[in-house]
Amino acid sequence: MTLHRALILGVLTLTTVTTPCGGEDIEADHIAFYGVNVYQSHGPSGQYTHEFDGDEEFYVDLEKKETVWHLPEFSKFLSFDPQGALRNIAVLKYNLDIMIKRSNSTVATNKVPEVTVFPKSPVMLGQPNTLICLVDNIFPPVVNITWLKNRHSVTEGVSETSFLSKNDHSFLKMGYLTFLPSVDDIYDCKVEHWGLDEPLLKHWEPEIPAPMSELTETVVCALGLAVGLAGIVVGTVFIIQGLRPGGASRHQGPL
C-alpha cells in the first residue's frame with residue numbers, strides 16, 4: 001500500500017502524579033496523558049486516546065462513535081462520552097487545514113522507525129503463544145504493520161494497538177499475532193513507513209536446540225561410563241587403605 005505524505009498536528013494534555021522527595025526536587029511516580037488528540041490529512045484519519053504510564057486506557061472509535069476500553073472491566077465503573085473526542089478531532093481538523101495553508105503544504109519530517117519482534121511468553125512447541133511486533137520511533141504516526149508466515153500474508157489472529165505517545169513526541173505501536181510454535185514455520189513482521197526507503201522485514205523463528213547426533217550421544221555415554229568407573233576405582237583404593245593396620249610394627253625391648 002502506497003503511503004502519501006501529510007502534515008501532522010497533535011495536542012497533548014499531561015498530568016503527573018508526584019511524590020515530594022525533599023528540597024525542590026520532585027519525582028513523578030505516574031504519568032498520564034488525558035486526551036491524546038491526533039489528526040492528519042492522510043486518510044484523512046485521527047485518534048483520541050487516554051494513556052496511563054505508557055499503557056492505553058481507552059480509545060474512541062471515531063467511525064462507530066464509541067469508547068473502547070483496553071480492559072473491558074474498566075467500563076463497569078468508568079465512563080467517557082465519545083462526543084467529546086469527536087469535538088476535539090473536529091477542532092484539530094479545522095486547525096490543521098489552516099496550518100497547511102500557512103505553511104504552503106510543508107510536509108512533516110520523517111523519522112526512521114525501529115522494529116523488534118519477540119514472543120509474549122517462553123516458546124514451547126505446540127503451545128499457543130503470541131508474537132509481538134514493537135514499532136518504535138514513529139513519526140508521523142502513519143504506519144502499516146502486517147504479518148507473514150512462511151513468506152505468506154497472515155490475517156487471522158492479528159491485532160494491534162493505537163499509537164502510543166512518547167516524551168519526544170514520537171509514537172510507538174505494537175502488532176500482535178497469535179500462533180502455534182512449530183519447527184516448520186517462520187514469521188516476519190513487515191513494516192511500511194515514510195521514513196523507510198523500502199518495507200522493513202523483521203524475521204523471527206523459534207530457537208529449538210539441535211538434537212545430538214548418534215556419535216555425540218555415544219561419546220557422551222562413554223565419557224559418563226569412564227568417569228563412573230574412575231570413581232569406583234578411587235573409592236576402592238581409599239577403602240583398602242582405610243582397612244590396613246595403622247603405623248609400623250613395634251619392636252619389643254628386653255624384659
ask   = Do the side chain of N129 and the main chain of S121 share a donor and acceptor less than 3.5 angstrom apart?
value = yes
note = Taken to the nearest 0.5 Å, the spacing of M174 CE from T161 OG1 works out to 5.0 Å
ask   = Can you hop from F58 to L78 via hydrophobic side chains spaced under 4.5 Å?
value = yes
message = With a 4.5 Å cut-off on side-chain heavy atoms, are N150 and I186 touching?
response = yes
ask   = If two hydrophobic side chains count as joined below 4.5 Å and joins carry through other members, does L62 share a cluster with F80?
value = yes
inquiry  = Quick check: do S153 and L148 have side-chain heavy atoms less than 4.5 Å from each other?
reply    = yes
message = Check this for me: E66, atom CD, are more than 12 non-hydrogen atoms of other residues, nucleotides or ligands nearer than 6.0 Å?
response = yes
Over 12 non-hydrogen atoms of neighbours within 6.0 angstrom of NZ in K190 = no
key: Shortest non-hydrogen separation from G175 to E160 and the atoms involved   = CA-CB, 4.0 Å
note = Separation between OG (S162) and OH (Y48), nearest 0.5 Å, reads 13.0 Å
ask   = For residues S165 and E51, is any side-chain donor paired with an opposing acceptor at under 3.5 Å?
value = yes
task = May I ask you to say whether K101 pairs ionically with D97, meaning some side-chain N is under 4.0 Å from a carboxylate O?
result = no
query = Can you tell if the side chain of P128 reaches within under 4.5 Å of the side chain of L180, non-hydrogen atoms only?
reply = yes
request  = Nearest 0.5 Å please: distance from the CD1 atom of I145 over to the CG atom of L177.
outcome  = 12.0 Å
message = Between N110 and P140, is there a side-chain heavy-atom distance shorter than 4.5 Å?
response = yes
remark   = Rounded to the nearest 0.5 Å, the CH2 atom of W69 sits from the CD atom of E56 at a distance of 10.5 Å
request  = Kindly check if the number of other-residue, nucleotide or ligand heavy atoms within 6.0 Å of CZ (F118) is above 12?
outcome  = yes
message = If we ignore hydrogens and angles and just use 3.5 Å, is the side chain of D81 paired with the main-chain N or O of Q83 as donor and acceptor?
response = yes
key: Minimum-distance pair of heavy atoms, taken over all atoms of W147 and Y176   = NE1-O, 3.4 Å
inquiry  = Using every non-hydrogen atom in the two residues, find where V142 and H193 come nearest and quote the distance to one decimal.
reply    = O-CD2, 2.9 Å
query = Can you find a heavy atom in the side chain of V112 that is under 4.5 Å from one in the side chain of L196?
reply = yes
key: Donor-acceptor pair, side chain of Q47 and main chain of F163, under 3.5 angstrom   = yes
Candidate pair F171 and H169, rule ring pair (Phe, Tyr, Trp, His ring centres under 6.0 Å), full reasoning = CA-CA 7 Å; F171 296 83; H169 303 300; 8.8 Å; no
inquiry  = When you compare the side chain of L131 with that of V117, does any pair of heavy atoms fall below 4.5 Å?
reply    = yes
query = Does atom CG of D168 have more than 12 heavy-atom neighbours, drawn from other residues, nucleotides or ligands, at distances under 6.0 Å?
reply = yes
ask   = At what distance, to the nearest 0.5 angstrom, does CG of L201 lie from CZ of R151?
value = 7.0 Å
request  = Step by step, work out the side chain to side chain contact (heavy atoms under 4.5 Å, CB included) result for V183 and L125.
outcome  = CA-CA 8 Å; V183 294; L125 295 180; 3.7 Å; yes
task = Please name the pair of heavy atoms, one in P141 and one in I138, separated by the smallest distance, quoted to 0.1 Å.
result = CA-CG2, 3.9 Å
Joint hydrophobic cluster, I89 plus V68, side-chain heavy atoms closer than 4.5 Å = no
task = Supply the atom-to-atom distance W204 CH2 to D185 CG, rounded to the nearest 0.5 angstrom.
result = 9.5 Å
ask   = What heavy-atom pair brings V60 and P82 nearest, and what distance separates the two atoms?
value = CG1-CB, 3.8 Å
ask   = Which heavy-atom pair separates K173 from V143 by the least distance, and what is that distance?
value = CD-CG1, 3.8 Å
